[in-house]
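Beneath this line is the structure, given in structure tokens, with notes to follow.
One-based numbering along the sequence shown.
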Amino acid sequence: MRGLHAGPSWVGLLQVLSVALAACDVPTEAPLIDSRWVLPSESTEIEVMDFLPEGVTLSPDGQAFLVTVTGRTQTTTLGEVCTECTQVNGLVVSKPAFVYDVESEASLPSDISDAVMTSGELVVFVRNGFNFDVLRPGSVAGTIDIEVHTLDGVRVGSSTISGATRSLPGQGGTLQETITLSGATLDGLRITAHLDSPEGNAALIDVAGVLDVQAQVRNVRATSAQADLSGETFDLEPTGLDVSDIEDAFVDRVQSGSAVIDVTNDLGVATDLVVRIEGPTFEPIRKSVSVPATATSERTIDFTGEELRRFLGQPDVTFGGTGTVTTATPVEVTPGQIIGLDIVLDVTLRIGG
């Protein structure tokens with residue numbers, strides 16, 4: 001998150017104000033005049049990344065999201081995939097033929113329902129705890145056919161691993177296959193693998209032997225995503241307000257004022273803000289304001305004269321706060337979106353008397 005970026009210095013303006021106020025100190029009874037003064041603005045930005053859940057980061061070039069898609073490990077025993085093996089368990093016999101179909105799903109981060117994926121990859125790891133090579137058990141080669149679809153059924157990748165060129169030895173042998181994923185609107189992934197292991201050479205049959213199939217989705221790059229941001233909280237990072245040089249002659253005449261906030265809202269979400277003005281010499285001032293989902297808006301936070309006099313002219317004053325998203329429906333988010341706040345302090349002084 002970026003902090004407040006200071007606008008023009010208030011010092012020059014305040015010197016002018018001091019001259020104007022001094023000119024009003026005449027020995028005759030001058031009329032009381034309420035005069036409005038607008039002090040230079042400050043600005044802050046809340047970036048889209050401050051709203052997104054774990055598992056969504058920004059690519060190094062800042063042009064895409066990197067989305068974590070969580071896969072799973074499927075474990076099965078030889079007895080579960082080979083009915084004939086249960087009849088010869090514990091014997092050294094010709095390895096029976098069998099087929100094994102496994103299906104697994106990989107899910108998007110919480111609160112992300114869709115992501116427009118431009119690229120990614122699926123890495124499949126297989127560990128063979130049987131006592132024989134499941135791909136090359138004998139003279140006939142076996143195969144593993146892998147297909148990858150979105151949950152909506154769009155095919156985004158596939159691969160065939162053949163025992164003619166690859167092996168998967170028993171007793172802990174491993175195999176790794178990387179599949180490049182094509183672009184699609186991603187709501188999650190469904191990974192299916194079909195293992196066809198033919199009859200093979202003599203081997204000890206142990207139906208308790210385990211086969212592990214793990215799917216890892218990596219480097220998913222997305223240009224946008226549908227995100228449910230309802231209830232997400234964020235911080236307005238405390239940033240210094242340079243008000244310590246404001247003279248007492250100015251502060252003493254402050255009657256009331258407001259912070260006028262011009263909002264630029266790329267995200268299209270409504271938020272509730274709690275603004276805090278803090279410093280070492282006074283009790284924090286807290287104000288609430290709601291920001292609509294419209295692209296631009298103007299919000300006003302009113303201060304009493306007593307509240308303004310508490311922090312104007314004081315050292316080490318900071319402006320910060322927190323916010324909560326109140327929009328209940330998912331919104332489309334893209335890299336670079338912000339909620340920008342341009343803040344102007346508008347105060348009323350009483351001159352004369």
Side-chain angles (χ1 to χ4, degrees), residues 1-11 13-14 36-52 229-246 250-251 253-328 331 337-349:
M1 177 192 302
R2 300 193 183 107
L4 288 171
H5 306 285
S9 171
W10 293 4
V11 176
L13 173 63
L14 296 176
R36 178 185 173 198
W37 298 92
V38 179
L39 303 182
S41 64
E42 307 282 355
S43 63
T44 187
E45 293 179 353
I46 307 113
E47 299 179 351
V48 64
M49 298 308 302
D50 294 322
F51 296 86
L52 298 182
L229 304 181
S230 178
E232 290 290 334
T233 59
F234 56 92
D235 292 326
L236 297 174
E237 184 176 340
T239 305
L241 291 179
D242 186 14
V243 295
S244 59
D245 291 332
I246 299 179
F250 178 92
V251 175
R253 296 172 182 267
V254 171
Q255 298 299 303
S256 63
S258 59
V260 181
I261 305 175
D262 287 324
V263 183
T264 302
N265 190 344
D266 294 344
L267 277 83
V269 294
T271 60
D272 285 341
L273 301 180
V274 178
V275 172
R276 273 194 319 273
I277 297 178
E278 297 179 289
T281 61
F282 60 93
E283 289 295 318
I285 300 169
R286 291 178 173 83
K287 295 286 184 175
S288 298
V289 62
S290 294
V291 175
T294 53
T296 59
S297 62
E298 182 180 278
R299 317 307 290 167
T300 300
I301 302 175
D302 292 322
F303 296 96
T304 65
E306 187 276 331
E307 289 171 331
L308 290 166
R309 290 189 292 272
R310 273 200 282 175
F311 70 87
L312 293 178
Q314 299 302 309
D316 302 321
V317 177
T318 61
F319 175 94
T322 59
T324 303
V325 176
T326 57
T327 296
V331 296
Q337 287 177 315
I338 63 165
I339 295 179
L341 308 176
D342 289 325
I343 307 159
V344 173
L345 196 60
D346 185 343
V347 301
T348 298
L349 307 180

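In this structure, a donor-acceptor pair under 3.5 Å is absent between the side chains of Thr348 and Gln255.
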Show your working on side-chain contact (heavy atoms from CB on, under 4.5 Å) between Ile338 and Ile46 and close with a plain yes or no.
CA-CA 5 Å; Ile338 63 165; Ile46 307 113; over 6 Å; no

side-chain contact (heavy atoms from CB on, under 4.5 Å) assessment of Leu349 paired with Phe250:
CA-CA 8 Å; Leu349 307 180; Phe250 178 92; 3.5 Å; yes

Given the rule in the side-chain contact (heavy atoms from CB on, under 4.5 Å) test, do Val269 and Ile339 qualify, once you have shown the distances and angles that lead to the verdict?
CA-CA 9 Å; Val269 294; Ile339 295 179; 4.2 Å; yes

Show, in sequence, the C-alpha distance, side-chain angles and deciding distance for Val317 and Thr281, and conclude whether the side-chain contact (heavy atoms from CB on, under 4.5 Å) test is met.
CA-CA 9 Å; Val317 177; Thr281 61; over 6 Å; no

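Note that CG of Leu229 is 8.0 Å distant from OG1 of Thr327, once rounded to the nearest 0.5 Å. Atom-to-atom distance recorded for Ser258:OG and Phe303:CZ is 8.0 Å, nearest 0.5 angstrom. Note that CD1 of Ile285 is 7.0 Å distant from CD of Glu306, once rounded to the nearest 0.5 Å. With rounding to the nearest 0.5 Å, the separation of CG in Leu312 from CG in Asp245 is 12.0 Å. The distance from atom CZ of Arg286 to atom CD of Glu278, rounded to the nearest 0.5 Å, is 6.0 Å. Between Thr324 atom OG1 and Leu273 atom CG the span is 8.5 Å, to the nearest 0.5 Å.
Between the Arg276 side chain and the Phe319 main chain, no donor and acceptor come within less than 3.5 Å of each other. Side-chain N or O atoms of Asn265 include one that pairs as donor or acceptor with a backbone N or O of Leu267 at under 3.5 Å. Checked by atom type and distance alone, the side chain of Asp272 never pairs as donor or acceptor with a backbone atom of Val289 at under 3.5 Å. Between the side chain of Thr271 and the backbone N or O of Gly323 there is no donor-acceptor pair closer than 3.5 Å. In terms of modelled atom types and a separation under 3.5 Å, the side chain of Lys287 and the main chain of Asp302 share a donor-acceptor contact. At distances below 3.5 Å, at least one donor-acceptor pair connects side-chain atoms of Arg299 with backbone N or O atoms of Ser290. For Ser288 (side chain) and Val274 (main-chain N/O), no donor-acceptor pair under 3.5 Å exists by modelled atom type. Looking only at distances, a side-chain donor or acceptor of Thr294 sits under 3.5 Å from a matching main-chain atom of Thr296.
The two residues Pro315 and Pro280 have their closest heavy-atom pair at O-CD, 3.4 Å. Heavy-atom minimum distance, Ser43 versus Asp342: CB-OD1, 3.0 Å.
Under the 4.5 Å side-chain criterion, counting only non-hydrogen atoms from C-beta, Phe51 is in contact with Val325.
More than 12 heavy atoms of other shown residues, nucleotides or ligands fall within 6.0 angstrom of atom CD in Glu298.
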